[in-house]
Structures are given as C-alpha cells and as structure tokens.
Amino acid sequence: MIMALARFELAMLWRERRAMLALASIAALVLLAFAGVAFDAARTDAHKRDAAAAERARWLGQGVKDPHSAAHHAVYAFKPAPVLAPLDPGVGPFVGQAVWLEAHHQNDLLHRPQQDASPLQRAGLADPAALILGFGPLALFLLAFAAVAEERERGTLRLALGAATRPGRIVEAKLVAVAGSGIVALVVPVALGTVALAGLQDALDGDAVLRVLLWTIAVAGYLATVAAIGLAVAMTTRSARIGLAVLFGLWILFALALPRLASGVANDLRPLPSTQAVRQEIEQAAPAYWSAEDGARHRAALLARHGVTRVEDIPNYRMAELDLVERHSHRVFDRVLGDFYAKVARQDRLFGLFGILSPTIAMQRLSPAFAGTDFDQHRAFIEQAESYRRDLVDRMNAEGMAHAVRPGEPAHTADIDLWGSIPPFVFDPPSAALSLVTVPLAALIGWMVGAATLLGLASRRLRP
C-alpha cells in the first residue's frame with residue numbers, strides 16, 4: 001500500500017518542474033565532481049607508482065657506500081589515494097602525499113593537492129560528499145515544499161486526506177517519495193560508480209565494500225532526516241510562503257551557518273600549535289647537529305653501555321653514536337608529534353560532538369571516516385611511513401656497528417646486497433572502525449529519531 005502511494009506521490013512530484021530541476025542540477029554537479037575526483041585520483045596514483053618505482057631503482061642503484069650514508073640517501077614514500085576518495089576526498093587535498101624518509105628526521109609530507117586546486121575545487125564545489133551534504137537538503141526541502149505546502153494551498157491535500165482511511169499513510173508515502181528521490185539521484189549513482197571503479201582497480205575487498213555500505217546508509221539516513229524535517233515544517237506552517245522561508249532558513253542554519261560556527265568553536269577550544277612551534281620543539285630536544293657537551297654525554301653513555309673506559313674499545317664508535325642519537329630522536333618524535341596528532345584528533349572529536357546541533361555536522365565527520373579519507377587514515381600513513389624509516393635507519397646503523405672500525409680508519413661500506421634486503425614501502429590502510437565516530441553516529445541517529453517523531457506529530461495535526 002505504501003509503495004503504491006509513494007509511486008503516486010512521486011508522479012505528482014514529477015509535475016513540480018522547478019523542484020525536480022533543482023534536484024537534477026545538483027545530481028549532475030555531484031556526478032561531474034565524482035568523475036573529476038576519480039580521474040584526478042587515478043592520474044595521481046599512476047604518477048605515484050611511477051615515482052615509487054623510480055625511487056626503488058635509485059635506492060638499489062646507489063652503489064657502494066657507508067650504510068649510514070645510505071640512510072641519508074633515503075627514499076620517498078608515497079601515499080596512495082584511498083579507494084573511496086571519489087566519494088569524499090576528506091583531508092586528502094589539504095595534506096601532503098609524499099614524505100622523505102631519511103636519517104635523524106621525521107619530515108613533513110610534501111605536495112598538497114589544494115596548492116594546485118582550481119577556484120572551483122577551493123570553493124568545495126568539486127567534492128561529491130560536500131555537494132550532497134551542503135545542497136542535498138536544499139533540494140529535498142524544495143521537494144517537501146512542493147509535496148505538501150503547494151498541495152495544501154491548492155486544496156488537493158485536503159481532498160486526499162478526506163478520502164483516505166489512514167491519513168498517516170499519505171505522509172509516509174510523501175516521505176518515501178521525497179527521500180527516495182534524493183537518495184536515488186544523489187547517493188546511488190556515486191556509490192555504484194565507486195564500487196565499479198574499485199572493481200576495475202582490483203581494490204574491491206571486504207573493507208571497501210563495508211565502507212561503501214556504511215557511507216551509503218549514513219548519507220541515505222541523513223537525506224531521509226532532512227526530508228522528514230522538510231515535510232514536518234511544510235505541514236505545520238500557516239502558509240506556503242512562510243513554509244518556504246522557514247525551510248530556506250533551516251537549510252542555511254543546518255548546512256552553512258552551524259558547521260562554520262562549530263569549526264570555529266572547535267578551533268578556539270582545542271587550538272593547535274603552529275608547525276613552526278612544533279618543529280622548534282623537536283629541534284631543541286633532538287638537534288640534527290650536537291654540541292661538544294652533547295658529544296661528551298654521548299661518549300659517557302656509550303662507554304657505560306659497552307662497559308669499557310676507552311672509545312677505542314667500542315667496535316665502531318661513530319656508528320654507535322649515530323645510533324644512540326637516532327634512537328633518542330625516535331622518543332622525541334613520539335612525544336612531540338604524537339602530542340600534536342592527538343590534539344588534531346581531539347579537535348576532530350569536538351567538532352563531531354557538535355553534530356547534536358546539526359545533522360550536517362554529524363555527516364561531515366562521518367562521511368570521511370567511512371570513506372577512509374579522514375585524519376585518522378592520514379595519521380596511519382604517517383605512522384607506517386615513520387616505522388619504515390626507523391626500520392631502514394636502524395638496519396643501516398646495525399650493519400655499521402657490526403663491523404669494527406677504529407678511529408681514523410675508513411668507514412665500513414656496503415652494497416646492493418644490503419640495499420636489496422630492505423623491502424619497498426607498502427601502505428596498509430586501517431579497516432573501518434565505528435568506535436572512532438560513535439558520537440557523531442549517535443548524533444545522526446538522534447536526528448533521525450527526532451525527525452521521525454516530529455513528522456509523526458505533524459501528521460497527527462493534519463485535518464481534512
């Protein structure tokens with residue numbers, strides 16, 4: 001019965017050319033944005049693979065040299081585009097895509113796509129998720145207005161309610177028609193397109209399927225929520241003009257004003273230190289070049305570690321000192337950068353908490369998390385690249401320390417046999433984890449329940 005009524009309501013909506021044209025325009029823009037992001041991601045990933053292959057060849061072909069010098073020769077690690085990046089690029093355009101893995105330094109990532117973005121991309125109009133979350137409510141509010149307010153002013157709604165044995169079914173059918181139109185036009189095409197692209201790239205594993213499913217369900221629930229709110233407002237306002245004004249106001253509040261306000265408040269309550277301040281703290285705690293006092297401390301520590309009284313009795317003092325300094329820097333990086341990354345995560349969580357004020361805010365936190373393009377995913381790449389760097393440098397230092405070299409003697413050298421024992425860097429993306437977004441997910445569910453309750457109360461007030 002509901003589906004039959006929904007088909008009728010959908011047929012009626014098709015007559016509302018202006019509302020349907022708005023939805024079709026947004027759907028076309030979403031598809032264009034999806035195609036653009038997918039093309040850019042595929043092209044950039046191809047360049048990254050070529051560069052990674054060249055880096056590997058450069059590492060293997062560095063010739064014969066001191067192992068620690070090889071650690072300074074180093075390699076670049078490249079961050080592959082997440083499988084679901086065409087749905088929601090997340091933080092990808094704003095963070096680096098490659099990092100130089102060298103001894104003594106945990107470097108910043110380079111090559112931020114936003115630096116080369118077009119004005120359209122910088123305005124956020126080339127991001128499918130941003131378009132759906134920002135302009136989807138506007139399209140559905142217009143459809144809800146057309147489905148209720150105009151029918152009520154023309155008198156057709158009163159006739160339909162008078163003839164119905166269960167008037168609430170009419171409201172449910174309108175919700176299915178309005179929300180279903182938005183979901184089919186905005187969500188389904190890009191979700192299916194993402195699955196198809198992942199299949200072509202042999203990247204459609206269980207985690208990718210789960211992420212697409214979670215993203216699709218969440219966005220569909222979000223659109224159903226705003227559709228229910230739109231119908232409730234259209235049914236309770238005294239006139240069509242007032243209803244339209246209220247719906248426009250709610251769209252501005254939910255999708256534009258409150259997210260901007262929440263971002264500013266989160267930044268004020270959980271401020272982040274500047275990059276310069278973080279780097280200065282690292283430099284002070286783990287300087288790349290040490291003073292005579294630092295050298296004396298290193299000497300005392302190494303003599304105690306080896307249980308000797310002379311530097312000459314340490315098999316390879318130079319490499320032992322370099323290894324000592326390297327391991328000290330590891331602890332500094334973990335403390336300073338770990339604290340910085342924790343602050344970024346806390347700021348993200350605070351922003352997600354503001355999802356109780358707007359369903360758009362909740363979805364802005366959920367969408368990149370489900371797509372695997374949020375900061376947590378980026379941090380996983382940073383940590384895996386840093387782990388690879390430490391393994392590489394430690395392996396080079398261990399090779400040097402394993403060969404006794406007295407002061408004044410030439411440094412020990414190694415060749416491709418050692419270089420080839422270091423495997424190439426491969427990023428292993430973490431699986432989807434709902435535990436990281438429980439607050440915004442609960443907020444979205446709360447909005448869905450609240451919107452359904454509001455629509456139920458509004459439907460009971462309807463009279464023939």
Side-chain angles (χ1 to χ4, degrees), residues 45 48-49 51-52 55-56 59 71 74-85 89-113 203 205 207-208 211 270 272-275 277-279 281-283 285-286 288 323 325-349 352 365 368-398 422-437:
D45 263 6
K48 290 177 183 177
R49 287 192 295 270
E55 279 294 287
R56 182 64 179 173
W59 169 259
V75 293
Y76 271 102
F78 297 91
K79 178 185 176 184
V83 178
L84 272 62
V91 301
F94 306 95
V95 296
Q97 302 298 303
V99 59
W100 177 242
L101 306 177
E102 61 172 330
H104 306 307
H105 300 281
Q106 184 173 347
N107 293 313
D108 293 329
L109 271 72
L110 305 174
H111 308 301
R112 293 172 174 83
D205 55 11
D207 183 65
R211 286 184 177 277
R270 296 286 188 272
L272 301 178
S274 66
T275 302
V278 173
R279 284 296 161 193
E281 184 178 358
I282 291 175
E283 183 61 29
D323 183 70
V325 173
E326 191 73 46
R327 294 181 185 278
H328 169 70
S329 69
H330 295 172
R331 295 190 293 272
V332 172
F333 297 153
D334 289 341
R335 175 175 57 82
V336 178
L337 292 176
D339 179 65
F340 174 74
Y341 297 145
K343 288 179 179 178
V344 175
R346 286 196 295 269
Q347 190 181 85
D348 282 349
R349 288 196 296 269
R365 181 71 182 93
F370 290 155
T373 57
D374 59 349
F375 177 74
D376 293 316
Q377 188 89 356
H378 180 66
R379 184 177 181 178
F381 171 79
I382 294 174
E383 292 175 345
Q384 290 184 30
E386 175 61 9
S387 177
Y388 178 88
R389 183 192 74 84
R390 295 181 185 185
D391 289 343
L392 184 151
V393 175
D394 291 347
R395 178 74 174 84
M396 296 298 106
N397 290 342
I422 304 296
F425 173 75
V426 178
F427 176 51
D428 182 21
S431 301
L434 294 179
S435 60
L436 299 176
V437 288

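- Arg49 is linked by a side-chain hydrogen bond (donor to acceptor under 3.5 Å, both in side chains) to nothing, counting only residues two or more places apart in sequence or in another chain.
- Pairing each heavy atom of Val437 with each of Ala369, the nearest pair is CG1-CB, 3.5 Å.
- Put simply, the side chain of Arg211 never gets that close to the backbone of Leu84: no donor and acceptor are under 3.5 Å apart.
- Ion pairing between Arg390 and Asp334 holds under the 4.0 Å rule for side-chain N and carboxylate O.
- The shortest side-chain heavy-atom distance between Val91 and Gln377 does not fall under the 4.5 Å cut-off.
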* Kindly determine whether Glu386 and Arg379 satisfy salt bridge (Lys or Arg N to Asp or Glu O under 4.0 Å), including the steps that lead there. => CA-CA 10 Å; Glu386 175 61 9; Arg379 184 177 181 178; over 6 Å; no

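- Using a 4.0 Å cut-off between a side-chain N of Lys or Arg and a carboxylate O of Asp or Glu, Arg349 and Asp374 do not qualify as a salt bridge.
- No side-chain heavy atom of Phe425 sits less than 4.5 Å from a side-chain heavy atom of Val75.
- A distance of 4.0 Å separates CE in Met396 from CD1 in Ile422, rounded to the nearest 0.5 Å.
- Classified by interplanar angle (parallel below 30°, tilted 30° to 60°, perpendicular above 60°), the ring pair His378/Phe375 is tilted.
- Looking at His111, Lys79, Arg112, Lys48 one by one, the single match for side-chain hydrogen bond (donor to acceptor under 3.5 Å, both in side chains) with Gln97 turns out to be Lys48.
- Contact detail for Ala432 and Asp207: the closest heavy-atom pair is N-OD1, 2.9 Å.
- The one candidate from Asp108, Leu109, Asn107 that meets the side-chain contact (heavy atoms from CB on, under 4.5 Å) condition with Trp100 is Asn107.
- Of all non-hydrogen atoms in Ala208 and Val83, the two that sit nearest each other are CB-CG1, 4.3 Å.
- Legend: residues meeting ring pair (Phe, Tyr, Trp, His ring centres under 6.0 Å) with His328, ordered by chain and number and at least two apart, are absent.
- Expressed to the nearest 0.5 Å, how far CG of Leu101 lies from CH2 of Trp59 amounts to 10.0 Å.
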Residues 337-346 side chain polar contacts: donor-acceptor under 3.5 Å, at least two apart:
from	atom 1	to	atom 2	distance (Å)
Asp339	OD2	Lys343	NZ	3.4

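- For the pair Glu55 and Tyr76, the tightest heavy-atom approach, listed with the atom from each and the gap, is OE1-N, 2.8 Å.
- Nearest approach of Gln384 to Asp428, heavy atoms of both residues: NE2-O, 2.7 Å.
- No side-chain heavy atom of Tyr388 sits less than 4.5 Å from a side-chain heavy atom of Val426.
- Scanning both residues, Leu436 and Arg365, for their nearest heavy atoms gives O-NH2, 3.9 Å.
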* Any chance you could lay out the side chain to side chain contact (heavy atoms under 4.5 Å, CB included) test for Val95 and Phe381, step after step, and finish with the verdict? => CA-CA 11 Å; Val95 296; Phe381 171 79; over 6 Å; no

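- With hydrogens and angles disregarded, no donor-acceptor distance shorter than 3.5 Å links the side chain of Arg327 to the backbone of Asp394.
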